[in-house]
Each structure stands twice: as structure tokens, then as C-alpha cells.
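Note sheet for the following structure.
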Amino acid sequence: MKFSEMTQDSWAELQLYLDTCLIPYTALSGEQSPVEVTEALERLRDFLDLVEIPFKGRIMTYPAFHYANPELSMTLNSLSAQLKSSGFKYVVIMSSDSQLDGGEIPSADLVLSRSVLTHEVGEDGIARFVGEKIRELWKK
């Protein structure tokens, strides 16, 4: 579910079920052409689909961070902590093109980078791996 689909009344009603916040990260530098930006957003959309579609009803997707900056890990860590204090039990950060280090974002429960996973489990194994990681997160 997207944040923009939520009303105050529906949030109060669904908050118990929507316990996981998904933060997309595009990793743009500002040097990409409009075509390259579109391609990056499409890659991120496809990666997010691996979580948003099978786990619909339990995940709330928040607005994306689009541009890289030197304080990004600190910013994402602070955001993750704030989202948890606002009622989310879990925070997941996903990026298609960036190689985020989950160790630098300790308030996030899971950091998934498609570019890293492609090397670790191969393109064909990414969907299964991501699904397993989400389910493991919820079992904690």
C-alpha cells in the first residue's frame, strides 16, 4: 500500500496490520540524463514489486529518497528510528542501484540492494531471497 492511499481513519484502523514501512532509494547523482533517470526509477519499481505485491496488506511504501548525499546513511538511520517511533514495527530500505551498507543504518531492520544481491544470489535468485528475508524479519 502506498502512503498516499491512506486516510487518517483508515490508518487508525489498519495500523496493526501495516507494521512494515518500505523506504525506496533511487541513488541518483544529478548527473543522469532524463532517460537514465527513468531507467533507474523503473529498475527500482521492479525491485520494489518483489515486496509490495506478495506482501500487500502488511507493507506501507513511503516516499522515495532519490538523490545520494554524504550523510545518506545517517539520514536513513534517523528516518528509520522516527518511523518506528511513529508506530511501524519494521523498516525496510530497498535500492536497485546503490550498494547501501546495512551496518551503517542500524535503525533499519533490513537493507536490500539489488546490485549486491545480483552478485550474491544471481538475478534468478533475487525474488526468492528477498521474500525469505522479509519472512525472517517478521519471525523475529
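The basis for the numbers below is simple: all heavy atoms, side chains too, and nothing from hydrogens, waters or symmetry mates. Residues take their numbers from the sequence shown, with the count starting at 1. All figures in this text were calculated on a predicted structure; none of them were measured in a lab.
For Thr20 against Trp138, the heavy-atom pair with the smallest separation is OG1-NE1, 2.8 Å. Leu44 approaches Ser95 most closely through the heavy-atom pair CD1-CA, 4.0 Å. Counting all heavy atoms, side chain and backbone alike, Asp49 lies closest to Pro54 at O-CD, 3.4 Å. Thr61 and Glu52 get closest at one heavy-atom pair: OG1-OE2, 2.6 Å. Between Arg114 and Leu50, the shortest heavy-atom distance links the atoms NH1-CD1, 4.0 Å. Between Pro24 and Leu22, the shortest heavy-atom contact is CD-O, 3.5 Å.
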Considering only distance and modelled atom types, tabulate donor-acceptor pairs under 3.5 Å from the side chains of residues 96-103, sequence neighbours left out.
from	atom 1	to	atom 2	distance (Å)
Asp97	OD1	Arg43	NE	2.9
Asp97	OD2	Arg43	NE	3.3
Asp97	OD2	Arg43	NH2	2.8
Asp101	OD1	Gly103	N	2.9

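For Lys84 and Asp109, the salt-bridge test passes: some basic side-chain N is under 4.0 Å from an acidic carboxylate O. In this structure, Glu136 does not pair ionically with Lys139, as no charged nitrogen and carboxylate oxygen lie closer than 4.0 Å. The pair Glu132-Arg128 meets the salt-bridge criterion, with a side-chain N (NZ, NE, NH1 or NH2) lying under 4.0 Å from an Asp/Glu carboxylate O.
Considering OG of Ser113 and CZ of Phe47, their distance stands at 7.0 Å, rounded to 0.5 Å. Note that the CD1 atom of Ile23 and the CG atom of Leu79 stand 4.0 Å from one another [nearest 0.5 Å]. The CD1 atom of Ile105 lies 9.5 Å from the OG1 atom of Thr75; values are rounded to the nearest 0.5 Å. The distance from atom CD of Glu123 to atom CG of Leu117, rounded to the nearest 0.5 Å, is 9.5 Å. In this structure, the separation between CZ on Phe129 and CG on Asp124 is 15.0 Å, given to the nearest 0.5 Å. Separating the CD1 atom in Ile93 from the CG atom in Leu72 is a distance of 8.0 Å, to the nearest 0.5 Å.
Both Leu28 and Leu41 are assigned to one and the same hydrophobic cluster, defined by single-linkage of ILVMFWY side chains at heavy-atom distances under 4.5 Å. Under a hydrophobic clustering in which Ile, Leu, Val, Met, Phe, Trp and Tyr are joined whenever their side-chain heavy atoms come within less than 4.5 Å, directly or via other members, Val116 and Ile134 fall into different clusters. The hydrophobic clustering, which links ILVMFWY residues whose side-chain heavy atoms are closer than 4.5 Å, places Leu48 and Val121 together.
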Open item on the list: side chain to side chain contact (heavy atoms under 4.5 Å, CB included) for Val92 and Val51? Distances and angles first, verdict last.
Closed with: CA-CA 10 Å; Val92 177; Val51 173; 5.8 Å; no
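Qualifying side chain to side chain donor-acceptor pair (under 3.5 Å) partners for Thr26, counting only residues two or more places apart in sequence or in other chains: His66. Taking the side chain to side chain donor-acceptor pair (under 3.5 Å) definition, one finds that Ser85 meets it with nothing, sequence neighbours left out.
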